[in-house]
Amino acid sequence: MRTEAEQIVEKLLPLLGGKQNIISAVHCTSRLRLQLRDEQKADTSAVENLDHVEGVFSRTGQYQIIFGVGMVNRVYKKLEEAIADSDASSAKSSVSGPTPSAIKRTKRHLLISFTTTLSNIFVPILPFIVAGGLLIGLAGTIQSAHWAAPDSAWMNMLNFFSSSALLFWPIIVGFSAAREFGGTPELGAFIGGIVAHFDITDIFGLPTGSIGYQGTVIPVLMSVYLMSKVQIGLRKAVNPSMALFVIPIITVLFTGIVSLLMIAPLGAFIGGLLTRGLESVYVHGGLIGGFLFGGVYSLIVITGLHHSLHAVEAGLISDPHIGVNFLLPVWSMANVAQGGAGLAVYLKTRNKKLKDTALPASISSFAGITEPVIFGINLRLRKPFVGACIGGAAGGAYVVFTQVAANSYGLTGLPMIVLAAPLGWSNLLNYLIGFVLAVGCAFAATWFLGFDECKGARDV
């Protein structure tokens, strides 16, 4: 008997123009993100009416189908299997790369292409990011609240787990980056480990810096990019019979030396400029900066490029002069505001199916999963999305004004409480006030603006 996911994929593929129309597929927490050869071949209205589909959206060359948490993983797996089962020529055609029009579009939008690449690197490692971030936050919360003795066995174990997340972070990023850049993921992990090694103080008598690059992202990304290009070049030059012995060792030695002496310091310098720039906006922008960041973040979520911001957040935390994540509270305000707008729709609508969808979608946003309420409710009705942006701006302005921060990265909404608590109870209190402010303003704005239940909405 076929599973539910198999039935969905069987119906979905013809509506997307067939297997041959799919260039690539990835997924995040709730979205199946496809690159299609020709989006005109996709029957979007029919896709929207499939079971478990909560919305369809196309941005920056990605055709995004919202299935929700849990279901998207199963659908992606079955889609992958279905494409792999096709004949060799079709499979080769379907993954051979972008069409000329897609390449032309990428050249026109270099920034979008860059952020899309970053997003593709971080989306597959989201479980690591979430688990690691929450473990760090939980350990910090228990310590700050004195709920356990610092030298207790349980506290030692929790600190061991949370420190492991930071220790292996560059290795995980290197693995995922190599896969995106076309190199061998295992060698990418190797390079990530080299760049972030704790003993980087002196190489061949040449100083490479007084501290290492633990917790950094940009030096790892730049080094793995070089590694992938070196490896691709060697594949063309080395005889296949010697490839296994020659390519890995040359790739690692060359990339490792160049990275430690040149690329990693350059990457750290670039990362430092970026974090200092954001810190300046945060300190001097005040209410205006938080208002703008909180108001526009949901627009970034629509494109699916918000995952690229994990690289920036990691840079803030690893910077010895900053050491905290002041962006995550702002993103959290924007996310929970979407839930506030969804609650207004739930209470105001007379459409039973819309009401049944709005409540769980809104609640999921309070746990940091916003796609169901954004694509399934607010964007379809349009004005609730505007109301949510207003709420996000209000909450963002408040948390920046009160300098709310997190001690790690991870989920937003209610789970972020464990990331805010370690930095002091006043920090946590202001986060919760911002939370209520964002939800309340989004709710009020949506209620005031109203919405047309028929305009842009399907029968949910």
Within a strict 4.5 Å, meaning less than it, do heavy atoms of the [X] and [Y] side chains meet?
X	Y	value
Leu347	Trp447	yes
Ile191	Val220	no
Lys41	Asp38	yes
Glu186	Phe175	yes
Thr3	Arg74	no
Leu12	Leu32	yes
Val418	Ile136	no
Glu4	His52	yes

Atom of [X], atom of [Y] and distance for their closest heavy-atom approach:
X	Y	answer
Leu36	Ala42	CD1-CB, 4.1 Å
Ala139	Leu158	CA-CD2, 3.7 Å
Ile66	Glu371	CG2-CB, 4.1 Å
Ala442	Ala341	CB-N, 3.9 Å
Phe122	Val173	CE2-CG2, 4.2 Å
Gly368	Asn335	O-ND2, 4.5 Å

Check this for me: [X], atom [atom1], are more than 12 non-hydrogen atoms of other residues, nucleotides or ligands nearer than 6.0 Å?
X	atom1	result
Lys77	NZ	no
Tyr225	OH	no
Ile288	CD1	no
Phe401	CZ	no
Phe291	CZ	no

Subject >> Basic-acidic side-chain contact under 4.0 Å: Lys78, Glu81 >> reply: yes
Original post:
Can a salt bridge be assigned to the pair Glu48 and Arg380 using a cut-off of 4.0 Å between side-chain N and carboxylate O?
Top reply: yes
**OP:** Mind jotting down which residue pairs meet the side chain to side chain donor-acceptor pair (under 3.5 Å) criterion with at least one end in residues 387-402? Sequence neighbours excluded, please.
**Re:** Tyr398-Asn430
Looking only at atom types and distance, does a side-chain atom of [X] sit under 3.5 Å from a main-chain N or O of [Y], one as donor and one as acceptor?
X	Y	answer
Lys19	Ala82	yes
Asp51	Ile8	no
Ser176	Ile121	yes
Ser280	Arg276	no
Lys11	Leu50	no

Spacing of [X] atom [atom1] and [Y] atom [atom2] [to the nearest 0.5 Å]:
X	Y	atom1	atom2	value
Leu134	Leu138	CG	CG	8.0 Å
Asn407	Met416	CG	CE	9.0 Å
Ile317	Asn325	CD1	CG	4.5 Å
Phe269	Leu274	CZ	CG	12.0 Å
Ile218	Ser223	CD1	OG	11.5 Å
Gln35	Asn120	CD	CG	9.0 Å

**OP:** For Ser228 and Val224, run side chain to side chain contact (heavy atoms under 4.5 Å, CB included): C-alpha distance rounded to whole Å, both residues' side-chain angles, the deciding distance at 0.1 Å, then the answer.
**Re:** CA-CA 6 Å; Ser228 300; Val224 174; 4.1 Å; yes
Original post:
Is it true that Trp169 and Tyr409 have ring centroids separated by less than 6.0 Å?
Top reply: yes
Distance-only polar pair, side chains of [X] and [Y], donor-acceptor under 3.5 Å:
X	Y	value
Thr412	Ser332	no
Tyr63	Thr44	yes
Arg33	Gln64	no

Residues forming a side-chain contact (heavy atoms from CB on, under 4.5 Å) with [X], sequence neighbours excluded:
X	value
Ile247	Gln231, Leu234, Arg235, Val238, Ala243, Thr251
Ser362	Leu343, Val373
Ile390	Val386, Ala445

**OP:** Kindly indicate, with the supporting measurements, whether the criterion side chain to side chain contact (heavy atoms under 4.5 Å, CB included) is fulfilled by Phe443 and Thr446.
**Re:** CA-CA 5 Å; Phe443 183 96; Thr446 301; over 6 Å; no
Subject >> Intermediate values then yes/no, side chain to side chain contact (heavy atoms under 4.5 Å, CB included), Arg31 and Ile65 >> reply: CA-CA 5 Å; Arg31 280 182 275 181; Ile65 308 173; over 6 Å; no
Subject >> Any residue meeting salt bridge (charged side-chain N to carboxylate O under 4.0 Å, His left out) with Lys352, in chain and number order, not counting sequence neighbours >> reply: Asp356
Original post:
Is Lys383 close enough and on-axis enough to Phe451, meaning under 6.0 Å and within 45°, for cation-pi?
Top reply: no
Original post:
In chain order, what residues pass the ring pair (Phe, Tyr, Trp, His ring centres under 6.0 Å) check against Tyr76, with sequence neighbours excluded?
Top reply: His27
Original post:
Would Leu328 and Glu313 satisfy side chain to side chain contact (heavy atoms under 4.5 Å, CB included), going step by step from the backbone distance to the final call?
Top reply: CA-CA 8 Å; Leu328 193 63; Glu313 295 177 52; 3.6 Å; yes
